[in-house]
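Chain naming here is simple, since letters A, B, ... match the order of the sequence lines and numbering starts at 1 in each. Side-chain atoms are counted along with the backbone in the values below, which use heavy atoms only and exclude waters and symmetry mates.
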Amino acid sequence: MTSDADVALRVRALESLLLEKGLVEAPAIDEIIDLFENRLGPQNGAKVIARAWTDPEFKARLLANATDAIVEMGYEAVQGEDMVVVENTPRIHNLVVCTLCSCFPWATLGLPPVWYKSAPYRARAASDPRGVLAEFGTAIADDAEVRVWDSNAELRYMVLPERPAGSEGMSEEDLLALVTRDSMIGVSHAVTP
Amino acid sequence: MKITREVVQGLYKQTGTARVDTDVAASFQVGDTIQARNINPTGHTRLPRYIRGKKGSIATDNGVFKFADSLAHGAGTQPQHLYSVRFTAQEIWGGEAPAQDSLYIDLWDDYLEPA
């Protein structure tokens with residue numbers, strides 16, 4: 001195993017080499033870090049979901065044309081050109097995978113987590129979704145329908161998780177904390193308050 | 001080329017969809033039963049092996065998109081309909097899979113034949 005310290009050292013060595021050879025400017029590196037830490041990420045997706053939970057008209061637009069509804073909220077970025085949002089209900093649980101590689105909606109969820117790109121997740125989310133969900137600690141009723149979405153082509157998928165019981169009185173802003181990245185991939189439910 | 005802040009800013013902007021605004025006839029309609037072709041191309045394809053030869057039904061017609069396979073092989077965009085196709089878990093994985101479970105995958109016209 002490589003320790004975090006080893007990785008940090010290697011990254012620093014690569015960074016100084018790229019800078020010394022004049023291949024990259026320091027502000028470009030700052031821009032990349034700011035982009036993926038602050039501007040692209042599941043904090044955007046959470047705002048989309050919290051609004052869908054509290055605004056029925058927005059939810060209808062989101063399910064009918066996710067691309068336009070997400071752009072309407074200002075999240076317009078690469079890997080978000082053609083979006084589909086699928087809704088979890090007590091009867092239907094949706095789970096997203098890219099069996100061929102690592103396709104993921106960057107604008108709303110950021111870069112994919114390491115496990116999402118791993119061969120075991122890519123194989124088993126398709127062949128044994130209930131087993132994968134159980135390993136994530138996600139209970140699904142035996143008689144509910146599990147739908148797996150393989151984002152193998154040009155569309156990018158995001159799950160609209162069920163609004164958890166006990167969140168009825170919460171404001172849109174407070175709901176944000178209940179929407180996790182994993183719940184928008186479909187491997188987890190939203191957090192119960 | 002030196003990578004500057006401006007270069008990075010250009011990278012995350014929407015690069016343009018693979019969707020094309022071309023009038024191409026769809027070979028299938030929503031509800032049609034199809035079979036994924038059992039093709040084994042050398043090189044890039046978005047038709048995974050686990051779907052080849054399986055029967056499913058057209059759930060949604062997503063519209064016309066550039067064809068990833070022909071693009072990868074330098075054979076042009078070959079725009080065609082891209083469908084969301086539903087396969088039952090039992091069709092793909094056999095009788096032990098839960099009867100109500102399913103998998104949706106996006107497949108271009110060229111991957112499909114009537115079943």
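- In this structure, A:Val114 is not a member of the same hydrophobic cluster as A:Trp106, with clusters built from ILVMFWY side-chain heavy atoms closer than 4.5 Å.
- Under a hydrophobic clustering in which Ile, Leu, Val, Met, Phe, Trp and Tyr are joined whenever their side-chain heavy atoms come within less than 4.5 Å, directly or via other members, A:Leu95 and A:Ile92 fall into different clusters.
- To the nearest 0.5 angstrom, B:Phe65 atom CZ is 5.0 Å from A:Leu155 atom CG.
- Scanning both residues, B:Ala18 and A:Asp82, for their nearest heavy atoms gives N-OD2, 4.3 Å.
- Taking CZ of B:Arg46 as the start and CG of A:Asp150 as the end, the distance is 10.5 Å to the nearest 0.5 Å.
- Here the straight-line distance linking atom CZ of B:Arg5 with atom CG of A:Asp34 works out to 8.0 Å at 0.5 Å rounding.
- Chaining together hydrophobic side chains whose heavy atoms lie under 4.5 Å apart places B:Val64 alongside B:Val20, B:Val24.
- Both the backbone and the side chain of A:Ile32 come within contact range of chain B, each with at least one heavy atom under 4.5 Å from a heavy atom of that chain.
- Contacts between B:Tyr50 and chain A at a heavy-atom distance below 4.5 Å involve the side chain alone, from C-beta outward.
- Other residues, nucleotides and ligands contribute more than 12 heavy atoms inside 6.0 Å of the CG atom of A:Asp143.
- For A:Ala26, no part lies under 4.5 angstrom from a heavy atom of chain B.
- Taking CG from B:Leu103 and CH2 from A:Trp149, the interatomic distance works out to 9.5 Å, rounded to the nearest 0.5 Å.
- With a 4.5 angstrom heavy-atom cutoff, B:Thr88 does not touch chain A via any of its atoms.
- One N or O on the side chain of A:Asn152 and one on the backbone of B:Asp106 form a donor-acceptor pair closer than 3.5 Å.
- For the atom pair CG of A:Leu18 and NZ of B:Lys2, the computed distance is 11.5 Å after rounding to the nearest 0.5 Å.
- With sequence neighbours excluded, no residue forms a ring-ring contact (aromatic ring centres under 6.0 Å, His included) with A:Phe58.
- Heavy-atom contacts from other residues, nucleotides or ligands closer than 6.0 Å to CD of A:Glu173 number 12 or fewer.
- Residue A:Asp142 places its CG atom among 12 or fewer non-hydrogen atoms of other residues, nucleotides or ligands, all under 6.0 Å distant.
- A 6.0 Å sphere centred on CG of B:Asp21 holds no more than 12 heavy atoms belonging to other residues, nucleotides or ligands.
- Taking A:Pro129, A:Ala153, A:Cys101 one by one and counting their heavy-atom pairs under 4.5 Å with chain B, the maximum is reached by A:Ala153.
- Using a 4.5 Å cut-off between heavy atoms, A:Ser127 touches chain B through backbone and side chain atoms alike.
- Contact of B:Ser84 with chain A is made through the side chain alone, with heavy-atom distances under 4.5 Å.
- No donor-acceptor pair closer than 3.5 Å links the side chain of A:Glu31 to the backbone N or O of B:Thr4.
- Side-chain contact between B:Tyr104 and A:Asn94 is absent, with no heavy atoms from C-beta onward closer than 4.5 Å.
- With hydrogens and angles disregarded, a donor-acceptor distance shorter than 3.5 Å links the side chain of B:Gln100 to the backbone of A:Ala144.
- No side-chain heavy atom of B:Arg19 sits less than 4.5 Å from a side-chain heavy atom of A:Glu154.
- Using a 4.5 Å cut-off between heavy atoms, B:Leu82 touches chain A through its side chain atoms alone.
- In this structure, A:Val48 is a member of the same hydrophobic cluster as A:Val191, with clusters built from ILVMFWY side-chain heavy atoms closer than 4.5 Å.
- Hydrophobic cluster membership is shared by A:Leu35 and B:Ile3, with clusters built from Ile, Leu, Val, Met, Phe, Trp and Tyr side chains linked at under 4.5 angstrom.
- A heavy-atom distance below 4.5 Å is not found between the side chains of A:Val148 and B:Asp101.
- Linking Ile, Leu, Val, Met, Phe, Trp and Tyr residues whenever their side-chain heavy atoms come within less than 4.5 Å leaves A:Leu100 and B:Ile51 in two separate clusters.
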